[in-house]
Amino acid sequence: MPHVRSAAERDNGSGGDVTPGTPSPTHGARVRQRKRSSDAPSDVNKTNGANLLLNDQNKYKSMLIRTYSSLWMMAGFVFLIYMGHLYIWAMVVVIQIFMASELFNLLRKANEDRQLPGFRLLNWHFFFTAMLFAYGRFLSRQLVNTVTSDKLLYKLVSGLIKYQMFICYFLYIAGFVWFILTLKKKAYKYQFSQYAWTHMILLMVFAQSSFTVANIYEGMFWFLLPASLIAINDVAAYFFGFFFGKTPLIKLSPKKTWEGFLGASVTTMLSAFVLANFMGHFQWLTCPRKDLSTGWLHCDPGSIFTPESYDLPGWIPWREVAIMPIQWHALALGLFASIIAPFGGFFASGFKRAFKFKDFGDSIPGHGGFTDRMDCQMVMAVFAYIYYQSFVMVQDLSVETIMEQILRNLTFEEQHDLYEQLGKLLTRGN
């Protein structure tokens with residue numbers, strides 16, 4: 001999740017963004033003025049070839065800035081991986097807040113906002129309501145497993161979980177009524193467009209990034225590998241395009257090249273195979289987390305992370321090679337990260353061209369905003385979750401699964417009765 005965005009939207013050799021134009025008069029005065037690109041040529045509408053980084057006079061300065069900020073992000077990301085699942089989840093939430101802020105500001109009009117005091121607060125009301133709804137059910141399982149030792153706290157949490165959907169619905173209806181009450185003559189069109197824009201943002205941010213959190217708790221492997229592949233694809237596309245890019249790839253991103261795209265695809269596939277083997281040796285990455293604790297993990301990762309021996313042809317010096325089954329699955333993830341995920345960036349590029357701005361924000365030097373980093377990541381997170389559920393997850397009824405269902409669906413008294421009845425059955429059996 002940090003840094004990454006595939007071979008999509010970069011102002012670089014494989015992934016450059018569009019050159020900003022003059023804001024359309026129909027959008028009024030923006031709250032945040034978008035910066036013009038300092039390294040993009042002015043004749044952005046001529047030919048794609050003229051916009052490749054091969055011809056960009058400031059490309060080395062741009063590359064240096066991007067490299068520095070990328071290293072800082074990577075260092076922070078590694079630290080969070082070390083800290084554990086809960087801290088990575090917190091990182092996802094922080095990124096979502098920044099993304100929402102960038103997108104809320106995108107189509108704002110200063111003149112209209114001045115006439116509607118408190119209207120911006122409504123955006124955040126819907127945002128935090130959506131956050132409670134998106135994470136409430138997922139959080140319920142982890143939270144119940146965490147507080148079962150405290151009877152009073154367990155009852156409180158169980159009650160909140162039981163009425164979570166009603167609470168979210170009530171909060172949403174409160175926001176709906178609030179919106180109706182704030183409608184002001186001569187601002188109807190602006191207010192309704194902002195209402196629709198807010199809901200589209202929430203759908204994009206939460207419907208996809210909630211899959212990211214689910215991946216984290218299924219095993220950090222299923223979050224870290226897909227995110228790393230997008231980052232590797234992005235970096236490889238940049239450098240292949242930077243040094244070898246000559247053939248334009250797509251008109252939406254004039255600086256993207258076939259050389260960058262193909263070089264990044266090969267690099268990503270090889271990296272997926274190698275990284276899966278490396279990560280598969282660490283229980284910290286492969287074990288699922290069933291509660292909100294941050295302690296060390298111990299588990300049997302299963303056969304998918306157990307190396308299998310393959311005989312090699314006689315002309316190869318090695319007799320056999322050990323490959324984990326997960327490495328074959330990693331190739332599927334690498335293929336998606338190389339071929340399909342970049343279209344998340346292409347979509348964002350077309351959106352930015354439509355509204356004539358360079359980046360969604362300027363939070364990350366050399367990279368734009370958080371939304372610019374996350375366009376391909378969100379597409380990849382959904383695929384990783386669906387792939388895991390469809391082809392990897394073992395559908396069996398384990399003791400752990402039964403215990404989770406008991407803790408989530410039975411009251412404390414019902415659990416006590418079940419315990420006594422099981423004790424009687426076991427006594428009879430002996």
[X] [atom1] to [Y] [atom2] distance, which is reported to the nearest 0.5 Å:
{"X": "Thr212", "Y": "Ile88", "atom1": "OG1", "atom2": "CD1", "answer": "11.5 Å"}
{"X": "Thr267", "Y": "Asn233", "atom1": "OG1", "atom2": "CG", "answer": "8.5 Å"}
{"X": "Tyr388", "Y": "Phe211", "atom1": "OH", "atom2": "CZ", "answer": "15.0 Å"}
{"X": "Phe336", "Y": "Leu229", "atom1": "CZ", "atom2": "CG", "answer": "12.0 Å"}
{"X": "Thr268", "Y": "Leu335", "atom1": "OG1", "atom2": "CG", "answer": "10.0 Å"}
{"X": "Met73", "Y": "Ser69", "atom1": "CE", "atom2": "OG", "answer": "5.0 Å"}

To check you understand the geometry: which heavy-atom pair defines the closest contact between [X] and [Y], and what is its length?
{"X": "Ala348", "Y": "Asp375", "value": "CB-OD2, 3.6 Å"}
{"X": "Cys287", "Y": "Leu297", "value": "O-CD1, 3.7 Å"}
{"X": "Leu171", "Y": "His125", "value": "O-NE2, 2.7 Å"}
{"X": "Leu252", "Y": "Gly350", "value": "CD2-CA, 3.5 Å"}
{"X": "Pro226", "Y": "Leu333", "value": "CG-CD1, 4.4 Å"}
{"X": "Leu183", "Y": "Gln191", "value": "CA-OE1, 3.4 Å"}

May I ask you to decide if [Y]'s main-chain N or O and [X]'s side chain share a donor-acceptor pair within less than 3.5 Å?
{"X": "Thr129", "Y": "Tyr172", "result": "no"}
{"X": "Ser265", "Y": "Phe261", "result": "yes"}
{"X": "Glu112", "Y": "Ala187", "result": "no"}
{"X": "His199", "Y": "Tyr195", "result": "yes"}
{"X": "Glu259", "Y": "Thr247", "result": "yes"}
{"X": "His298", "Y": "Gln283", "result": "no"}

Ring centroid separation [X] to [Y] under 6.0 Å:
{"X": "Tyr387", "Y": "Trp222", "value": "no"}
{"X": "Tyr82", "Y": "Tyr87", "value": "no"}
{"X": "Phe192", "Y": "Phe179", "value": "yes"}

Could you tell me whether the side chain of [Y] reaches within less than 4.5 Å of the side chain of [X], counting heavy atoms only?
{"X": "Phe346", "Y": "Lys256", "answer": "yes"}
{"X": "Trp124", "Y": "Ser101", "answer": "yes"}
{"X": "Met324", "Y": "Ile304", "answer": "no"}
{"X": "Ile201", "Y": "Asn123", "answer": "no"}
{"X": "Phe351", "Y": "Leu106", "answer": "yes"}
{"X": "Phe206", "Y": "Phe127", "answer": "yes"}
{"X": "Met204", "Y": "Leu103", "answer": "yes"}
{"X": "Ile386", "Y": "Phe391", "answer": "no"}

Given the rule in the ring-ring contact (aromatic ring centres under 6.0 Å, His included) test, do Tyr169 and Phe133 qualify, once you have shown the distances and angles that lead to the verdict? CA-CA 9 Å; Tyr169 178 75; Phe133 178 78; over 10 Å; no
Stepwise, does the side chain to side chain contact (heavy atoms under 4.5 Å, CB included) test hold for Thr198 with Leu122? CA-CA 9 Å; Thr198 298; Leu122 186 59; over 6 Å; no
List the steps and the verdict of side chain to side chain contact (heavy atoms under 4.5 Å, CB included) for Met99 and Met378. CA-CA 12 Å; Met99 288 177 62; Met378 291 189 293; 3.8 Å; yes
Verify side chain to side chain contact (heavy atoms under 4.5 Å, CB included) between Cys376 and Asp234, making sure each step is shown before the conclusion. CA-CA 10 Å; Cys376 300; Asp234 182 32; over 6 Å; no
Apply side chain to side chain contact (heavy atoms under 4.5 Å, CB included) to residues Trp89 and His85 and explain how you reach the verdict. CA-CA 6 Å; Trp89 186 358; His85 303 67; over 6 Å; no
Step through the shown structure and confirm whether more than 12 heavy atoms of other residues, nucleotides or ligands are within 6.0 Å of CH2 on Trp258.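 Counting neighbours around CH2 of Trp258, 12 or fewer heavy atoms of other residues, nucleotides or ligands fall under 6.0 Å, so no.
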